[in-house]
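Notes for the one structure printed next.
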Amino acid sequence: MNVLFIGDIVGSVGRKALKQVLPALKSKYNPHIIIVNGENAAAGRGITQTIAREFFEWGVHGITMGNHTWDNKDIFEWIDEEPRIVRPANFPEGTPGQGYALIKANGKQLAIINLQGRTFLPPIDCPFRKAEDLVTLAKEKTNNILVDFHAEATSEKIAMGWHLAGHASIVVGTHTHVQTNDDRILPGGTAYLTDVGMSGPRDGVLGMDRNAVLHKFLTQLPTRFVVDEGDWHLHAVSVHIDDATGEATKIQKIRLTEDEWLLMQ
Ligand SMILES: [Fe+2]
Ligand SMILES: [Fe+2]
């Protein structure tokens, strides 16, 4: 089976990019299951039900989140009734939503697990131990398992890759919004990439208006960040998994700018 995973969708520009690019990505990579990280989909902060529904209409099958999960309060109204969205599984016990989901589409099954790192992020439960528990749980249903490890530090993400090597089919990182160049298949058939990157404004700072971010760096004054406008870039990864074993056999990074996409039309 083929899995397409797209990094943090940032604001309306990121959503526009996703809508525009999905048909081309579908025809090029033939994904059976499409997963996106949606933690920044609503103006950079969280996600709303309207946006999630749009993603599903466009062909997305599952949504992962991260440290911005609760930024848009709309999510509290529907997260417990939406089986296709996961928030970090190592959030405190009793938190709304779920950290693991079984996604079924096009005759295939993929377990998706969302975890959040603890380096340069709030202290929460151990993502490594939670990962073990959830991979064991997922294996009762399927060998095809994707882990989105939403974390800041490359070291923590690489460690998670090794922790799950041979246990999960795909371990990808999100949160930094910058795609790394270390895609590989780890021993035991685990497709790995430290960070997938983002989908959203290209000329800002991680998707935010660069003037506001620069103002903050220059003055250290409280500054309101807003999502940048203008041209987009989109980062994703396509993975082929051997259904019988759950082992990944191929991983391809995807990096596309609005200019490149326009030339393809
Ligand atoms: Fe993000
Ligand atoms: Fe994040």
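Atoms within a ligand are numbered from 1 in the order they appear, just like the ligands themselves.
Counting only residues at least two apart or on different chains, no salt bridge (Lys or Arg N to Asp or Glu O under 4.0 Å) pair has a member in residues 204-228.
A donor and an acceptor atom, one from each side chain of Thr176 and Asp195, are located under 3.5 Å apart. In the model, Asp148 has a side-chain atom that pairs as donor or acceptor with a side-chain atom of Thr64 under 3.5 Å.
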With a cut-off of 3.5 Å and sequence neighbours excluded, list every side-chain donor-acceptor pair involving residues 123-141.
unit_1	atom_1	unit_2	atom_2	d
Glu132	OE2	His163	NE2	3.0
Thr136	OG1	Glu132	O	2.8
Lys139	NZ	His167	O	2.8

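Between Tyr192 and Trp162, the gap from one ring centroid to the other reaches at least 6.0 Å.
Protein N/O/S atoms nearer than 2.8 Å to the Fe ion (ligand 2) total 4.
Cluster partners of Ile170 are Met1, Val3, Phe5, Ile33, Ile35, Val86, Ile103, Leu110, Ile112, Leu146, Val172, Ile185, Leu193, Val196, Val237, Val239, Ile241, Ile251, counting Ile, Leu, Val, Met, Phe, Trp and Tyr whose side-chain heavy atoms approach within less than 4.5 Å, directly or via other members.
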